[in-house]
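For reference, the structure discussed in these notes is given below.
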Amino acid sequence: MELAQSQRRGSIARRLSEEWPQATAEDAYQIQDWLRLSALAGGERQSGWKMGLTSEAKRQAVHVHEPIFGWLGYSMELTDGILPWRGVIHPRVEPEIAMILGHDLHGPDLRPRDVWRAIEAVVPAMEVIDSRYEGFQFSLADVIADNASAVYYTLGPDQFSTANRLWGNVGISVYKNGTLAQTGSGAAVLGHPVNAVIRLADMLAARGLELEAGMVILTGGITDAVPVGRGDHITVQFEGMGSLGLQVLDN
Ligand code: OOG
Ligand code: MG
């Protein structure tokens with residue numbers, strides 16, 4: 001299918017809603033799952049799941065008004081803070097709080113303490129999104145089928161304990177080439193990033209999917225995403241937790 005090819009090559013795909021106007025979110029999750037399973041059959045390994053559109057800033061930017069999820073693969077993790085330009089279309093970077101699962105977690109209807117018991121560590125992260133649709137324009141079903149625009153993510157080298165930190169209050173600043181581009185705080189994510197995990201566990205449970213020990217969960221962009229081009233440099237400061245950098249290559 002066209003989206004599969006576009007995701008592999010970094011090329012524009014026709015919108016699902018143009019070809020199939022009646023497609024529902026549920027149809028789109030089936031397409032996403034089919035694409036996930038075919039990537040896994042092709043040798044990709046799943047590293048985790050991502051939530052998207054958990055903040056109002058993000059929902060307003062893309063005019064899609066409910067949270068969505070997607071899957072993450074090991075090949076999507078940038079381990080050296082470098083984003084290759086080849087293979088991306090119109091990338092954007094967003095600051096996120098990632099959680100690493102020490103135990104399996106089964107929804108639905110979890111409480112924050114159920115989540116914290118399963119989380120081994122919290123890690124400052126960045127996600128690079130790159131919609132396969134022209135102009136980053138899509139409907140709810142379009143973006144779900146396109147794996148919530150996932151392309152790359154990067155995790156900071158330091159892990160933080162879940163306890164003794166007000167995750168909803170963590171201040172975040174995003175700098176592009178040294179200039180402040182966005183600010184936000186952890187509360188932007190559904191009131192508190194733990195709520196993104198509760199919501200993800202609900203959404204996965206409804207579809208027979210699992211949160212497994214060792215997986216990474218991206219809880220969703222805290223601020224609007226920052227578009228990047230060749231040669232740009234992004235720094236994200238996580239209050240009290242250091243900073244993360246991403247260099248976009250020229251080619
Ligand atoms: C959809 C993906 C949103 C987030 O963190 O909110 C997302 C998009 O904006 O293209 O990853
Ligand atoms: Mg994101």
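Whatever order the structure lists them in is the order used to number ligands and atoms, beginning at 1.
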(request) Please answer whether the main-chain N or O of Arg199 pairs with a side-chain N or O of Asp202 as donor and acceptor at a distance below 3.5 Å. (result) no
(message) Give the atom numbers and elements of ligand 1 that come within less than 4.0 Å of a heavy atom of Ile129.
(response) 8 (C), 9 (O), 10 (O), 11 (O)
(request) Could you tell me if any non-hydrogen atom of Arg59 lies under 4.0 Å from any atom of ligand 1? (result) no
(request) Between Gly52, Gly220, Ser149, flag the one that comes closest to atom 8 (C) of ligand 1 by a heavy atom. (result) Ser149
(message) Distance under 4.0 Å to a non-hydrogen atom of Val62: what atoms of ligand 1 satisfy this?
(response) 9 (O)
(message) Please determine whether any non-hydrogen atom of Lys50 lies less than 4.0 Å from an atom of ligand 1.
(response) yes
(message) If you count every heavy atom of other residues, nucleotides or ligands that lies below 6.0 Å from Glu2 atom CD, does the total exceed 12?
(response) yes
(message) Counting non-hydrogen protein atoms only, what is the nearest one to atom 6 (O) of ligand 1? Give residue, atom name and distance.
(response) Leu53 N, 2.7 Å
(request) Look only at the side chain of His233 and the backbone of Gly245, and say whether a donor-acceptor pair between them is shorter than 3.5 Å. (result) no
(message) Is it the case that over 12 heavy atoms from other parts of the model lie below 6.0 angstrom from the CZ atom of Arg117?
(response) no
(request) Using heavy-atom distances, let me know which of Arg132, Glu94, Met51 sits nearest atom 7 (C) of ligand 1. (result) Glu94
(request) For atom 9 (O) of ligand 1, find the nearest protein heavy atom and state the residue, atom name and distance (0.1 Å precision). (result) Lys58 NZ, 2.8 Å
(request) For the pair Asn147 (side chain) and Trp71 (backbone), establish whether a donor and an acceptor sit closer than 3.5 Å, ignoring hydrogens and angles. (result) yes
(request) Output yes when a side-chain donor or acceptor of Ser149 lies under 3.5 Å from a complementary backbone atom of Ile129, and no otherwise. (result) no
(request) Would you kindly specify which portion of Glu96 sits under 4.0 Å from ligand 1, judged on non-hydrogen atoms: side chain, backbone, both or neither? (result) side chain
(request) Looking at Glu94, pick out the N, O or S atom nearest to the Mg ion (ligand 2) and give its name. (result) OE2
(request) Could you tell me which atoms of ligand 1, counted from 1 in the order shown, lie closer than 4.0 angstrom to a heavy atom of Phe138? (result) 8 (C), 10 (O)
(request) Mind checking whether Val64 contacts ligand 1 via backbone (N, CA, C, O), side chain (CB onward), both or neither, at a 4.0 Å heavy-atom cut-off? (result) neither
(message) Main chain of Pro67, side chain of Lys58: is a donor-acceptor contact present, judged purely on distance under 3.5 Å?
(response) no
(message) Using a 4.0 Å cut-off to any heavy atom of Val143, which atoms of ligand 1 qualify?
(response) 1 (C)
(message) If we ignore hydrogens and angles and just use 3.5 Å, is the side chain of Gln32 paired with the main-chain N or O of Phe69 as donor and acceptor?
(response) yes
(request) Please tell me if the side chains of Arg92 and Phe136 come closer than 4.5 Å, counting only heavy atoms from C-beta onward. (result) yes
(request) Report yes if Phe136 has an N/O atom closer than 3.5 Å to an N/O atom of ligand 1; otherwise report no. (result) no
(request) Measure from the side-chain N and O atoms of Gln46 to the backbone N and O of Gly73, and report whether any donor-acceptor pair falls under 3.5 Å. (result) no
(request) Considering the heavy atoms of Gly221, write down every atom of ligand 1 situated less than 4.0 Å from one of them. (result) 4 (C), 5 (O), 6 (O)
(message) We want to know whether Tyr153 and Ser47 form a side-chain donor-acceptor pair, criterion being a heavy-atom distance below 3.5 angstrom.
(response) yes
(message) To check your reading of the model: name the closest protein heavy atom to atom 2 (C) of ligand 1, its residue, and the distance in Å.
(response) Ala148 O, 3.2 Å
(message) Which atom name does Glu127 have for its N/O/S atom nearest to the Mg ion (ligand 2)?
(response) OE1
(message) Check whether Asp142 reaches the backbone of Ser17 with its side chain - one donor and one acceptor, N or O, closer than 3.5 Å.
(response) yes
(message) Please name the atom of Glu96, limited to N, O or S, that comes nearest to the Mg ion (ligand 2).
(response) OE2
(message) Please check whether Ser131 reaches ligand 1 - meaning an N/O of the residue sits under 3.5 Å from an N/O of the ligand, judged on distance alone.
(response) no
